[in-house]
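For the numbers below, each heavy atom of this structure counts, side chains included, while hydrogens, waters and symmetry mates do not. Chain A is the first sequence line, chain B the second, and so forth, proteins listed ahead of strands; every chain is numbered from 1.
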Amino acid sequence: MEGPSRRLSASRDGASKLLERRGSEGDADTETSRDTRTHFRVCRFIMEIGVKLGMHSIPVATACVLYHRFFKRVCLREYEPYLVAMSCVYLAGKVEEQHIRTRDIVNVSHRYFNKGSAPLECDKEFWELRDSVVQCELLILRQLGFHVSIEHPHKYLLHFLLSVKSLVNRHAWSRTPVAETSWALLRDCYHGNMSIRHTPQHIAIATLYLALNSYGVELPVGEKEWWQVLCENVTKADIHAVISDLLKLYDMEAKCV
Amino acid sequence: MDRDLLRQCLVYHGESLFSKLKCEQTENPDFQAVVSDLGIATNERKVTEKGSSLVEQFIARKADILFSPAWRTATPQEQDHEEEEAAEPYATMPPLELFMELSFEERRSMIYRDLEKGDVVVGRINNIREYGFFLTLICMAGGLKRDIVDLELSALCHVREIPSSGSHDDPLSYYQIGDFIRAGVKDIDRYQEKITVSLQQGSLCPALKHIKLGVITQEEMPIHYSRSVRAAADSRETYECILKSCHGYQNPSVVEYLLEKVGISDRHPPSMMRGLQSKLFQEDDFASAIRKKQSASWALKCVRAGVDHFKHGRHVEAMNEYNKALEIDTSNVEALVARGALYANKGSILKAISDFELALENCPDHRNARKYLCQTLVERGKQLEEQEKLVTAEGIYRRALSLDDSNPEAKEALHNISDLIQKSIRLREEALAKEQVKPKSSQTSAEKLRKILKEEKRMKKKKKRATSSSPSSSSSRCSSSRSSSSRKRSKKKKKRRRKSERGSKRHRRISSRESRKSEEDRKEKEDEEAECYPEPPNTSATFLNQTGGLMFGGEDEVAGRDREARKGGLLNSVSAASEEDDSDSSRRETKRRDGAERRTRTDEQSRSPQGRGRSRERKLSIERGRDDYRKDSESQRRSSFEENQARKSSSSSAEVEHSRKSSFLPEYSGNSCSASKQLERRMSQDSSSRNSFDGGRYENRGKKEEEPVKREKEAGKERSEVEGHTSGWGKVNAGSQNGQSGTGPKKELPANLLEIFNQIAQFEKKKGSQAKVPK
């Protein structure tokens, strides 16, 4: 409680109670891997409240990217990551035209940190939390220089899915949940900062590649591979880089949660 | 676990995955159930690829998710609308194999493998024979999207598969070589590589039923085909370029659209992460659930504060709190009940009732809401009772009792009001009985009526000759009677006529039921009657009189019916006038007349109450004068007495029960009606003992009369002094009636009345002079 609250620039008193981080890391880890794990947890938080807030995949992805971009510029020690995450959700809702009310964000987050607790009363604490979210949003905007529009792989992936689908026998396709798996993989990759390290097309192709691979779906090969057609400059190495990043995230889940 | 899927995966990845799977999924009973079947097929192929062991590790670890039958969140919608939709909701891309430059043989074998009955193809006619025509397939138009333009696929469309427009024509004559044809695949022979197509709409699979088959133009070719033609011609047109140049790709909601199309739920998104499996999310933790709970608790807090204010008498603050609570939670039952209670306290009974009702709608078992609503309804019933709307009040009481059948207050009120209604009926009957006697002796009213009738007929004659019931002869007969009509009187007349109209309307409605069967009968009777009496202006009323006389046997029966009819009439009058279903032309006339009368009425109202004192004075004097006149011309009148009766009864056909009642006493009918009306009217103006008559009267009139009643009330207040004197009027009258009803009271009653009139007149003079002074 005392730790994060000292770091809170936007809201000193209100948010700290709510945003108390659970568990402390082992000392042996290096600082970067500890940060990565923190980010993983905070992104998990974003995704969980995203589902509870009824957000679509795109706003959730935007929130995660905003979060990662923010902490690319600033040090994790300086700011309370969960508050930043809440504000990122709020801001992402605005950016992607799926407006989320601060009240809901505060409520759901409060419930996230205090499982099974009663909803917040309409008192000082609630309003302070709410104000801190709004103020932190301004901070994020300033840090990012108001560059908040993001190109996501989602659109690519869906179009690729349709194209690849018509290459495959329809019965084989309907038996194989490639679409679900690739979508799940795409959503999961926002746990880490790979979404800001790879180009959207590459991520889309990699998730589709992994999904097809997982089910052993074989596509015909002509002069070019299917993924070469979908994106001109992608190489097998790019795809594998994305996949290995993604698979690391799954390993991290076991360690972090 | 999906065994087939797992086997497919194992065939692809080989033995190493199998061993990893066995290692990772040891605790998964599902895997143990299928593992025995899997061992056979695995060791066929070994793929050595960079990073493949990592992928295999991933598959092995996530196998329970990947191969779970429940992994499929939704079934994709198979429908392919792309041709139908002018605005493409997503980028329609050319087939991928075009860019992949698949070999001719592979593509050809793929199309024969994947093409299915019910798919839609587009081809050009290259040969027409007597048994059908041959198509060279150009592209797919639904079901499957493949690049087939250069595959030299040929398809036969048999003549049987061409829907013929006429019976005599050869269907093939409509088709020419070179036509583009959209057709459904009827059959495919994969070994002989033969395709037959059909132009019958029934050959399509259900998802593609909307596609029209037959000849198409170049413009109607599928979008993906035209794009693939361009891409094939220009190597710079890459998949990416085309994708980004498509309108559909820029569609802001393309993701939602495509998610639905491929069948992925975004509300319960899939995830490979164990912590994000949708089964772990509880509905209680969702924003909407928390918000709802929170709103309820916040609203409750406001209600509590409001109740506190209320207890300390700070009603405005309490109302503010309640309104705030309802703003937070629009359907908060407690807030609604509390606010309703406050409204009720403040006298806004209707608002209170609506609040309670809303609360009960949201929570039908809320005890306080029921209780309060019941009490408030009783309160409202009392209000209505005061406004003389007895029947509405009765309904309200009944509703209150239906909410809480043990409420003593409601029970008592209902009991009382039933009594009151009964009493008012009885009183009216008494009054009727009295009136039947009185006018015979006091000829004033009869005279008045005669005049009114005459006026009316003259008016009618002017206005409408078309009326079937309009009597042309009666006016001439009537004209023998005097015609000294002052302005004052004509006004009165109008008023009366309005009443009679209303009465007659009701008559017609009721009679219309009875009369349909005996329409002819009636006509005959009317004719007969016309010989004896002057034809009445309102046939239906006359008819009712007659049929009443014919139908009703005894007095008891009549009384019973009377009550029933009254109830019916009341209900009818409460409900809108639109219920009246008489379609005869006289109805329209009535309306017109009503309009005219309304004008006069408002005129009248605008004069009251200031002018009332004086006008009444004048009226009384006129009446006195008329009395004198009556003596002069009594004998003359005697001769035409019976005529008058009939006419009066028809013209002033007052309330249903009046005429009904009178119907079995045809002698007195006219007099009783008119006189009772007159009496009532006078009483409503002059006396405070209104209740005895007015109860029924107001009800019968319904809401129309509300305003005048109020005005009269106001006037009544002004004349409170007069009332003191005249309040005994009804009783005196009743007494006299009782005394005289026996044998032949004709001569005595007018004297009695005159006395009273004089009293009133004197008082009025006094009062008038008094009233003038302050002005």
- Task: Could you tell me whether the side chains of Glu116(B) and His171(A) share a donor-acceptor contact shorter than 3.5 Å?
- Result: yes
- Answer yes or no: is there a side-chain heavy-atom contact under 4.5 Å between Val217(A) and Gln8(B)? yes
- Task: For the pair Glu101(B) (side chain) and Lys224(A) (backbone), establish whether a donor and an acceptor sit closer than 3.5 Å, ignoring hydrogens and angles.
- Result: no
- Query: Are Asp119(B) and Arg170(A) close enough for a salt bridge, meaning some N to O gap below 4.0 Å?
  - Reply: yes
- Item | Proximity breakdown for Arg267(B) and chain A, heavy-atom pairs closer than 4.5 Å | both
- Message: What I'd like to find out is whether the side chain of Ser295(B) reaches to under 4.5 Å of the side chain of Arg103(A), using heavy atoms alone.
- Response: yes
- Taking salt bridge (Lys or Arg N to Asp or Glu O under 4.0 Å) as the test, write out the residues that go with Asp147(B), two or more places apart. Arg107(B)
- Going by residue number, which parts of residues 48-57 of chain A are within reach of chain B, meaning a heavy-atom gap below 4.5 Å? Glu48(A), Val51(A), Lys52(A), Leu53(A), Gly54(A), Met55(A), His56(A), Ser57(A)
- Message: Could you tell me if the side chain of Asp266(B) sits less than 4.5 Å from the side chain of Trp183(A), heavy atoms only?
- Response: yes
Distance-only donor-acceptor hits, side chain of residues 271-282 of chain B, under 3.5 Å, sequence neighbours excluded:
residue	atom	partner	partner atom	Å
Ser271(B)	OG	Asp188(A)	OD1	2.6
Ser271(B)	OG	Asp188(A)	OD2	3.3
Ser271(B)	OG	Met273(B)	N	3.0
Arg274(B)	NH1	Asp64(B)	OD2	3.0
Arg274(B)	NH2	Arg61(B)	O	2.7
Arg274(B)	NH2	Asp64(B)	OD1	3.2
Gln277(B)	NE2	Ser271(B)	O	2.7
Gln277(B)	NE2	Met273(B)	O	2.7

- Message: Between Ile290(B), Val254(B), Thr238(B), Ile59(B), who has the most heavy-atom pairs with chain A when the cutoff is under 4.5 Å?
- Response: Ile290(B)
- Task: Answer yes or no: is there a side-chain heavy-atom contact under 4.5 Å between Pro220(A) and Met110(B)?
- Result: yes
- Does the side chain of Ile243(A) reach to within under 4.5 Å of the side chain of Leu54(B), using non-hydrogen atoms? no
- Item | Tyr249(B) and His159(A) aromatic ring geometry - parallel, tilted or perpendicular at 30°/60° bounds | tilted
- Item | Qualifying salt bridge (Lys or Arg N to Asp or Glu O under 4.0 Å) pairs, either residue in residues 236-258 of chain B, two or more places apart | Asp234(B)-Arg236(B)
- Query: So with a 6.0 Å cut-off around NZ of Lys117(B), is the heavy-atom count from everything else above 12?
  - Reply: no
- Task: Could you tell me whether the side chain of Trp226(A) reaches within less than 4.5 Å of the side chain of Phe99(B), counting heavy atoms only?
- Result: no
- Task: Give the member of Phe58(B), Phe286(B), Trp298(B) that has the highest number of heavy-atom pairs under 4.5 Å with chain A.
- Result: Trp298(B)
- Output for pair (Thr181(A) OG1, Ile264(B) CD1), nearest 0.5 Å, gives 9.0 Å
- Message: Is Glu106(B) close to chain A through its backbone or its side chain, or both, or neither, when contacts mean heavy atoms under 4.5 Å?
- Response: side chain
- Task: For the residue pair Phe160(A) and Tyr239(B), establish whether any side-chain heavy-atom pair is separated by less than 4.5 Å.
- Result: yes
- Heavy-atom side-chain proximity of Asn213(A) to His13(B) below 4.5 angstrom: yes
- Heavy-atom proximity to chain A below 4.5 Å, by part of Leu98(B): neither
